[in-house]
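What you are looking at is a predicted structure, and each value in this text was computed from that prediction instead of being measured. Every chain is numbered from 1 and lettered A, B, ... according to where its sequence line falls, protein lines coming before strand lines.
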2 protein chains.
Amino acid sequence: MKNNIKVQRAIHNFTQQDLADKIGVSRQTINAMEKGKYVPSTALALKLSQLFKISVNEIFELEAED
Amino acid sequence: MKNNIKVQRAIHNFTQQDLADKIGVSRQTINAMEKGKYVPSTALALKLSQLFKISVNEIFELEAED
DNA sequence: TCATAATGTAAAACAAACTTTACATTATGG
DNA sequence: CCATAATGTAAAGTTTGTTTTACATTATGA
């Protein structure tokens, strides 16, 4: 699973902490997600989608191994 | 979190078992998802999105309590 | 109607997401 | 250069997704 959260965050000029607060998770969760350390829940994905005003499919992309 | 997996499954004429096999989860996972018993991972959501050829946002919808 | 497919459900176990705490490293502005 | 903000990372613990097994109920077709 790839994602472009870091880019979206840059576009919106949010720190990891900002984003964490806005969607209600810890900063480490944001960091780990950006680093591809795990795959978030669909609820989280939809919250990012709302915040960034782009679709979940535009944020996340499946890879071969998924 | 609402979803319309059951409807999509009907459109594509899949049983819960069919769908489970196609996306690589157990039938109970499909059943529980349809029943709203839990929120799947984004990986699962993307697989459903691919299979049904519609976006994740068209399958899943956040609700007030999420 | 009878056999069988499909669905609903539940409990126990396991895997993965997510939090908390804590510290180290890297940017950035004054 | 120095202070501080931002990011990276790690370990332990909690919560939640997911599997497995098992059985009960509801549809469906012959």
Practice item. Report the distance from atom NZ of A:K47 to atom P of C:dA17, rounded to the nearest whole Å. Key: 17 Å
Exercise for review: Please evaluate the base of C:dT7 for a donor-acceptor partner in the side chain of B:Q28 within a cut-off of under 3.5 Å?
Suggested key: no
Review point. Between atom CG in A:N13 and atom C1' in D:dA6, what is the gap in whole Å?
Key: 12 Å
Review point. Atom CZ of A:R27 and atom C1' of D:dT7: how far apart are they, to the nearest Å?
Key: 6 Å
Exercise for review: Would you indicate which nucleotide in C:dC18, D:dG8, C:dG8 comes nearest to any side-chain atom of A:K6?
Suggested key: D:dG8
Practice item. Using a cut-off of strictly less than 4.0 Å, decide whether A:K35 has a side-chain nitrogen or oxygen near OP1 or OP2 of D:dA10. Key: no
Exercise for review: Identify the two heavy atoms, one from A:R9 and one from A:F52, that lie closest to each other, and give their separation to 0.1 Å.
Suggested key: N-CZ, 4.1 Å
Check your understanding: For A:Q16 and D:dG8, is the shortest distance between a side-chain N/O and OP1 or OP2 below 4.0 Å?
Key -> yes
Point to revise | Under 4.0 angstrom between A:N31 side-chain N/O and D:dG8 OP1 or OP2 | key: yes
Practice item. Side-chain contact test, heavy atoms from C-beta onward, threshold under 4.5 Å: evaluate it for B:N3 versus B:V39 and give yes or no. Key: no
Practice item. Please figure out whether A:V25 or B:Q17 has its closest DNA chain C nucleotide nearer the 5' end. Key: B:Q17
Practice item. Let me know the distance between CG of A:D66 and C1' of D:dT18, rounded to the nearest Å. Key: 16 Å
Review point. Among C:dA17, C:dT9, D:dT18, which is the nearest nucleotide to the side chain of A:S41?
Key: C:dA17
Review point. Between B:E58 and B:N4, which heavy-atom pair has the shortest distance, and what is it?
Key: O-ND2, 3.3 Å
Review point. Please give, in whole Å, the distance from C:dC18 P to A:L19 CG?
Key: 13 Å
**Study point:** B:D21 CG - C:dA5 P separation (whole Å)
**Key:** 15 Å
Practice item. Mark yes or no for whether A:D66, through its side chain, and A:M1, through its backbone, hold a donor-acceptor pair below 3.5 Å. Key: yes
Point to revise | Considering all heavy atoms, the nearest B:I54-B:S49 contact | key: O-OG, 2.7 Å
Exercise for review: Check the distance between D:dT15's C1' and A:Y38's OH and give it to me in whole angstrom.
Suggested key: 13 Å
Practice item. Starting from P on C:dT19, measure out to NZ on A:K37 and report it in whole angstrom. Key: 15 Å
Practice item. Please determine, for the side chain of B:V39, which listed nucleotide (C:dT7, C:dT19, D:dG17) has the closest atom? Key: D:dG17
Check your understanding: So, is B:T29 close to the D:dT19 phosphate, meaning a side-chain N or O under 4.0 Å from OP1 or OP2?
Key -> yes
Check your understanding: With a non-hydrogen cut-off below 4.0 angstrom, is A:S26 in contact with a base, only sugar-phosphate, or nothing?
Key -> base
